[in-house]
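First comes the structure, then the notes that go with it.
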Amino acid sequence: MIILKTVAFFDAKAYDRDSFSRFSDENISIRFFENKLNEDTVSMAACCDAVCAFVNDTINGEVIEKLSSYGVGVIAMRCAGYNNVDLKAAAGRIKVLRVPAYSPYAVAEHAMGLILTLNRKLHRAYIRTRDHNFSLEGLTGFDLRGKAVGIIGTGKIGRCFADVCKGFGMEIIGFDPYKSSEFCGKYVSLDGLLEKSDIISLHCPLTKENHHLINRETISKMKDGAYIINTSRGLLIDTAALTEGLKSGKIGAAGLDVYEEETALFFEDYSDEIIPDDTLSTIISMPNVIVTSHQAFLTREALDGIAGTTMENLRAYFAGDELKNEITL
Ligand code: NAI
C-alpha cells in the first residue's frame with residue numbers, strides 16, 4: 001500500500017502552484033503556504049513529511065531543530081543556492097536536496113537585460129515617452145562592442161552569460177578559482193578583472209569567504225564609471241560601499257537582482273507602504289540603478305525545470321532511491 005506523503009511548501013506564489021501542478025505526483029500531496037519559512041512559521045510544517053523552501057526562507061539551526069522534532073525528513077530547496085540553510089545543523093538529521101541547474105539562460109539573459117536597460121536608459125525612456133516627453137537629453141549610452149566584461153564565477157550561469165556577451169562583440173574576461181575549458185573568455189586574477197572591466201557581473205555562489213566581495217577596497221580598484229551587475233546573491237556586495245561609489249561617480253551604474261537585506265522585502269507587495277530600509281530607498285531613487293526583486297530565474301522554462309527536478313528529488317527520497325541532488329557538508 002502506498003502512503004500519501006505531505007510536503008509543506010513555503011513562500012508559495014501563483015506561478016509555483018501553476019508549475020508544480022504540471023509535475024504532480026499522486027503519492028505526494030503539497031500544502032502551499034504563502035508565508036516564508038522561519039522560526040515563527042515553522043510550526044506549519046508539523047505533521048508534514050517534507051518541506052519545500054526557496055531563496056528567502058530562513059533555515060537556521062532553530063528551524064531545523066523544530067522540523068526534525070516534527071519528523072520532517074527532507075528539505076527540498078527549489079533553487080540552486082543554499083546559503084540560507086544551516087547545513088551543519090541539518091547534518092545527520094534532515095536531508096537537504098536542491099535543483100543544481102535549471103535554465104542558466106534565464107539568469108544570464110536577465111543580467112544582459114539589466115546592462116542594456118542601464119546603458120541605453122530604457123527605464124527612463126519608457127517613462128518619458130509615456131509622458132509625451134520625446135527629448136533625448138541624458139539618454140546617451142555606449143557601444144557594448146569592444147568593451148571588457150568581467151565575469152566573477154564562470155560556472156553554468158557565468159558561462160552562459162559569457163556566450164551572450166560574445167554575441168555583442170565584447171571582450172570577455174573571467175575570474176574563478178576553478179577554471180572551465182568551456183568558458184569562452186580569458187581567465188585573469190581578481191585584481192586584473194577589477195582593473196580592466198567596464199562591466200563586472202557576479203555569477204559565483206555566496207560563501208563565507210566571499211561575503212562582501214565587492215567592498216570599498218575592491219571598488220577602489222575598478223575603472224572609473226564601471227558598471228556592477230549582481231544576479232547572484234545580495235551579500236556579495238557591501239551596499240553601503242556601493243552607494244558611496246555610485247554617489248561619487250566611481251560606479252557608473254548598478255543592476256541588482258539581489259540585495260543583501262532582501263529577505264524581509266522581496267517577493268512581497270509593499271507599494272502602499274513606506275519601506276523601513278533607507279539604504280534600499282536611496283539606491284532605488286538613483287537614475288543609474290535598477291533593482292529587480294530576485295526575478296532573474298523567472299521564465300516558464302526555468303519554473304518547469306525547478307518543479308520537475310524538485311518533484312523528482314522528493315520522489316527519490318520517498319522511494320529510498322539514490323539522492324543525486326543532495327547537498328552535503
Ligand atoms: P555553478 O555552481 O555552476 O557556478 C558557480 C561558479 O562560481 C563555480 O565555477 C565556482 O567555482 C565559482 N566560484 C565560487 N566561489 C567563487 C569566488 N569567490 N570567486 C569567483 N568564482 C567563484 O552555479 P550557477 O548555476 O552558475 O549559479 C551561480 C549563482 O547564481 C548561484 O550560486 C546563485 O547564487 C545565483 N542564482 C541566482 C538566481 C536568480 O534568480 N537571481 C537563480 C539561480 C542562481
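Just follow the structure's listing: the first ligand is 1, and inside any ligand the first atom is 1.
At least one side-chain heavy atom of Tyr259 sits under 4.5 Å from a side-chain heavy atom of Thr239.
Considering backbone and side-chain N/O of Pro100, none are found under 3.5 Å from N/O of ligand 1. In terms of polar-atom proximity, defined here as any N/O pair under 3.5 Å, Ala80 makes no such contact with ligand 1. Residue contacts with ligand 1: Lys156 is placed with a nitrogen or oxygen under 3.5 Å of a nitrogen or oxygen of the ligand (distance criterion only).
Side-chain N or O atoms of Asp176 include one that pairs as donor or acceptor with a backbone N or O of Thr154 at under 3.5 Å. No donor-acceptor distance shorter than 3.5 angstrom exists from the side chain of Thr310 to the backbone of Ala307, with no hydrogens or angles considered. For the pair Asn119 (side chain) and Leu116 (backbone), a donor-acceptor distance under 3.5 Å is absent. Distance alone, capped at 3.5 Å, places no donor-acceptor pair between the Thr6 side chain and the Asp49 backbone. Looking only at distances, no side-chain donor or acceptor of Thr231 sits under 3.5 Å from a matching main-chain atom of Asp257.
The option with the heavy atom closest to atom 32 (O) of ligand 1, from among Cys160, Ala296, Pro205, is Pro205.
Applying the 4.0 Å criterion to heavy atoms of Ile152 picks out, from ligand 1, the atoms 19 (N), 20 (C). Every atom of ligand 1 is numbered from 1 in the order shown, and the set under 4.0 Å from a heavy atom of Tyr178 is 11 (O). Distances below 4.0 Å separate heavy atoms of Pro177 from the following atoms of ligand 1: 16 (C), 19 (N), 20 (C), 21 (N), 22 (C). For ligand 1 and Gly153, the ligand atoms under 4.0 Å from any heavy atom of the residue are 7 (O), 20 (C), 21 (N). Interface of Phe175 with ligand 1, defined as ligand atoms under 4.0 Å from a residue heavy atom, comprises 19 (N), 20 (C), 21 (N). Taking every heavy atom of His294 and a limit of under 4.0 angstrom, the matching atoms of ligand 1 come to 39 (C), 40 (O), 41 (N). Using a 4.0 Å cut-off to heavy atoms of Asp257, the atoms of ligand 1 that qualify are 39 (C), 40 (O), 41 (N). Every atom of ligand 1 is numbered from 1 in the order shown, and the set under 4.0 Å from a heavy atom of Gly155 is 3 (O), 4 (O), 6 (C), 9 (O), 26 (O).
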Assess whether side chain to side chain contact (heavy atoms under 4.5 Å, CB included) is satisfied between Ile200 and Leu194, documenting all intermediate values.
CA-CA 8 Å; Ile200 294 172; Leu194 296 171; 4.0 Å; yes

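Taking the six-membered ring for Trp and the full ring otherwise, the centers of Phe297 and Tyr105 sit at least 6.0 Å from each other. Phe10 and Phe32 have their aromatic ring centers separated by at least 6.0 angstrom.
A donor and an acceptor atom, one from each side chain of Ser103 and Glu301, are nowhere located under 3.5 Å apart. For the residue pair His203/Ser201, the side-chain donor-acceptor check at 3.5 Å is satisfied. Side chains of Thr58 and Asn60: no donor on one and acceptor on the other come within 3.5 Å.
The protein non-hydrogen atom at the shortest distance from atom 33 (C) of ligand 1 is Arg233 NH1, 3.6 Å. The shortest contact between atom 44 (C) of ligand 1 and any protein heavy atom is with Ile157 CD1, 3.6 Å. Looking at atom 40 (O) of ligand 1, its nearest protein heavy atom turns out to be Phe297 N, 3.1 Å. Asn210 ND2, 3.4 Å is the protein heavy atom nearest to atom 18 (N) of ligand 1. The shortest contact between atom 22 (C) of ligand 1 and any protein heavy atom is with Cys204 CB, 3.4 Å.
Note on ligand 1: Asp176 sits in its first shell, one or more heavy atoms being nearer than 4.0 Å. The closest approach between any non-hydrogen atom of Ser232 and ligand 1 is below 4.0 Å. By the 4.0 Å heavy-atom criterion, Thr231 is counted among the residues contacting ligand 1.
Here the SG-CD1 distance, from Cys165 to Ile199, works out to 7.5 Å after rounding to the nearest 0.5 Å. Note: Ile151 CD1 to Ser197 OG = 9.0 Å, rounded to the nearest 0.5 Å.
With a 4.0 Å heavy-atom cut-off, ligand 1 is reached by the backbone of His203 but not by any atom from C-beta on. For Val107, every heavy-atom contact with ligand 1 shorter than 4.0 Å involves the side chain, none the backbone. With a 4.0 Å heavy-atom cut-off, ligand 1 is reached by the side chain of Tyr102 but not by its N, CA, C or O.
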